[in-house]
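First the structure, in the form of structure tokens, and then the observations on it.
Whatever order the structure lists ligands and atoms in, that order sets their numbers, starting from 1.
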Amino acid sequence: MSDWEVVIGMEVHAQPRTRSKMFCGCAVAPLNSPPNTHVCEICLGLPGVLPVINKAAVEACLKTALALSCEIPLHTKFDRKNYMYPDLPKGYQISQYDLPMSIDGFIEIEGRKVRIRRVHLEEDTGKLIHAGDKLHKAWESFVDLNRAGVPLMEIVSEPDLRSADEARDYAMALRTLLRTIGASEAEMEKGQLRAEPNISVRRAGTKELGVKTELKNINSFRALHRAIEYEVKRQTGVLESGGSVKQETRGWSEAEQRTFPQRSKEGAEDYRYFPEPDLPPLQLDRAWIEELRKSLPELPGARRARLVEQYALPPADAVLIASERQYADLFEAAVKKGAPAKATANWIIGEPSAREISPVYLAELVKLVSDGKINRDQGREVLAETLSSGKAPHVIVSVRGFAQESDSGKLETIVREVISTNPQAVSDYRAGKKQALGALMADLKKKAPQANPKLANELLQKLLSAG
Ligand SMILES: [Zn+2]
């Protein structure tokens, strides 16, 4: 493997957050809507109708482009991409060809720049549903056009990615970015984010690109990673046995964990692109673009760096906290309410339900645990009850009598009992095996779950070294 270099470029389709479709007034159908309930003359492709550009989609696309440091050309236009498929009643898709809405950007992944070639707008197609009856050899296909005309942003990278890991990290970084700026909900499982990697391999040290294949129908980050790994192995295998890789589009079978050929890849000339005659070219207002640029929130990369600097968070924690704007907002608000930073990060990362409560309650909970008023297990119970009842953590603690045993006299009785019933661990500890303390603490927790662990630990160590 080591004498092959992997080259990956990626097309990511993201559905901008809009109420209506790209060129008509139809609402974007919620997932699992009955088929063909969100359609009109325009998105059904009936003759004699005129499309109208959705401004919210243009705005989301421009914000995405700006967040990716793209240039926004003065002029942009829409084009017809002609092809025939049953889920495309017009016989063409409105997309952007030679004058996209933005060009030449980049995003940083782990300190490495991945160049963005362009971000443009287009419309989605419908969906085919196949129903089969093997027994009677009867098959039927249905078309659902709810998705036809739904806006899509296409984010095209240069072939700068070098491994399945990088490709997955890139797609995840795009998701974080899109959500942070509010341009898309970017949920892969809802089809709002679709990644299509194109993959080739070449001898390490050579410049010329190998023949690439493009992967379709990938609907999770895990599948993206696996499909690329599979494809790299397949291509190197073909080349090492003296064969040649065929340029084609391949699908990913989740069930069989392999890629399979779908169709030979069309070139741009096959689509006979031409300017969409029913839509005017757009002249983008510079002042509006500057307004959009100023409206962008702090971007994930900058926030990550600031979390490390300002709160002394370990970089790995900062990556997780900054991966969702909601987590980072919650973290900063809770710390502002007096909760210690590292402990707050631990709760947000380690306890998914901690992400659901208000910053005030989270701060209260984190402080109750880090001040030793309740232990971590009790903290989890308090969290669950806060979520279900909406009551403040300190109220739950007092109602449930969670206050920990901190009376030093009572604690000493418990600790002495632990010492007398664990002679082996005690002699191990005194012989210098400090890890024996863990076994003693575990027994203490079993004997007295309500004991304040911090105080009990201190007392245990004191009594052990007193001999
Ligand atoms: Zn419509």
Protein-derived N, O or S atoms lying under 2.8 Å from the Zn ion (ligand 1), waters excluded = 4
For the residue pair Y271 and Y83, does the interplanar ring angle fall in the parallel (under 30°), tilted (30 to 60°) or perpendicular (over 60°) class?
-> perpendicular
Trace of the side chain to side chain donor-acceptor pair (under 3.5 Å) decision for R226 with Q257 = CA-CA 8 Å; R226 292 207 171 158; Q257 296 284 304; 3.0 Å; yes
K127 atom NZ: more than 12 heavy-atom contacts under 6.0 Å = no
Using atom types as modelled and distance alone, determine if a side-chain donor or acceptor of K212 lies under 3.5 Å from a backbone N or O of V7.
-> no
Sequence neighbours excluded, which residues qualify as side-chain contact (heavy atoms from CB on, under 4.5 Å) partners of T176?
-> T180, P300, S323
K21 side-chain N/O to E123 backbone N/O, donor-acceptor pair under 3.5 Å | no
